[in-house]
Amino acid sequence: MRVSVVGGMDRLGQHYKVEAKKQGFELRVFNGLESNMAAKLMSSTAVVLFTGMISHEARNQVVAAAKTYGIPLLQCHSCGVCSFRDCLSCISKGEVPCKGPKP
């Protein structure tokens, strides 16, 4: 399964990739708005959007692309590796949108 990450911190990109690989995902990282973003996200199984580290315009384009192509979208304000790990866990379980950790 291919997951795309939009936003987050540049320096955490490699850590995101390590976590994705541990859980059996192929990962594409987009740190900000790129040209033709919808076409780049089209082949994704799911998209993780870190809303705290991205512009409103980029967020709107990602949300529109996910809606247009029927791609599950997880939005998370925190861009830490633990938050990303939780998002991947939700994707693995098919719980998109994620309901959060179970007590």
Side-chain angles (χ1 to χ4, degrees):
M1 289 180 16
R2 175 182 278 178
V3 175
S4 293
V5 173
V6 182
M9 299 175 83
D10 291 339
R11 64 184 172 89
L12 294 179
Q14 290 301 319
H15 297 285
Y16 298 150
K17 289 181 182 182
V18 168
E19 288 301 322
K21 190 172 186 176
K22 282 182 187 177
Q23 294 193 33
F25 292 102
E26 179 184 338
L27 185 69
R28 294 184 69 189
V29 179
F30 302 99
N31 291 317
L33 185 60
E34 295 189 11
S35 62
N36 208 5
M37 183 68 93
K40 292 177 181 177
L41 295 176
M42 195 167 61
S43 63
S44 299
T45 305
V47 176
V48 176
L49 176 63
F50 290 126
T51 58
M53 299 295 290
I54 197 160
S55 70
H56 286 61
E57 180 183 349
R59 180 202 170 274
N60 292 340
Q61 285 189 22
V62 171
V63 170
K67 189 174 183 178
T68 299
Y69 297 116
I71 303 168
L73 175 68
L74 288 100
Q75 297 185 60
C76 185
H77 186 71
S78 172
C79 64
V81 176
C82 289
S83 298
F84 179 65
R85 190 179 305 128
D86 292 342
C87 290
L88 290 178
S89 178
C90 287
I91 293 168
S92 294
K93 295 175 186 175
E95 298 175 356
V96 180
C98 193
K99 305 289 190 259
K102 304 281 190 252

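Quick note: residue numbers are just sequence positions, from 1.
- Atom NZ of Lys93 sits about 11.5 Å away from atom CG of Leu88, to the nearest 0.5 Å.
- Listed by chain and number, the residues in a ring pair (Phe, Tyr, Trp, His ring centres under 6.0 Å) with Tyr16 are Phe50, Phe84 (sequence neighbours excluded).
- The distance from the CD atom of Glu19 to the SG atom of Cys82 is 8.0 Å, given to the nearest 0.5 Å.
- A distance of 9.0 Å separates CD1 in Ile91 from CD in Gln23, rounded to the nearest 0.5 Å.
- One finds the CG atom of Leu74 at 11.5 Å from the OG1 atom of Thr51 (value rounded to the nearest 0.5 Å).
- With a 4.5 Å cut-off on side-chain heavy atoms, Glu57 and Gln61 count as touching.
- Expressed to the nearest 0.5 Å, how far NZ of Lys22 lies from NZ of Lys17 amounts to 16.0 Å.
- At a threshold of 4.5 Å between non-hydrogen side-chain atoms, the residues Arg59 and Gln75 count as touching.
- Lys21 has its side chain out of reach of Leu27: every pair of non-hydrogen atoms, C-beta onward, lies at least 4.5 Å apart.
- Follow the hydrophobic side-chain contacts under 4.5 Å out from Phe25 and you never reach Val18; the two are in separate clusters.
- Atom CG of Leu49 and atom CG of Leu73 lie 5.5 Å apart (nearest 0.5 Å).
- Judged purely by atom type and a 3.5 angstrom limit, Ser83 has no side-chain atom pairing as donor or acceptor with the backbone of Cys79.
- Nearest approach of Gly13 to Val29, heavy atoms of both residues: O-CG2, 4.4 Å.
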Just list the side-chain donor-acceptor pairs under 3.5 Å for residues 38-46, sequence neighbours left out, or say none.
{"from": "Lys40", "atom 1": "NZ", "to": "Glu34", "atom 2": "OE1", "distance (Å)": "2.9"}
{"from": "Lys40", "atom 1": "NZ", "to": "Ser35", "atom 2": "O", "distance (Å)": "3.3"}
{"from": "Ser43", "atom 1": "OG", "to": "Arg2", "atom 2": "NH1", "distance (Å)": "2.9"}
{"from": "Ser44", "atom 1": "OG", "to": "Ser4", "atom 2": "OG", "distance (Å)": "2.5"}
{"from": "Ser44", "atom 1": "OG", "to": "Leu41", "atom 2": "O", "distance (Å)": "3.2"}
{"from": "Thr45", "atom 1": "OG1", "to": "Arg2", "atom 2": "N", "distance (Å)": "3.2"}
{"from": "Thr45", "atom 1": "OG1", "to": "Arg2", "atom 2": "O", "distance (Å)": "3.4"}

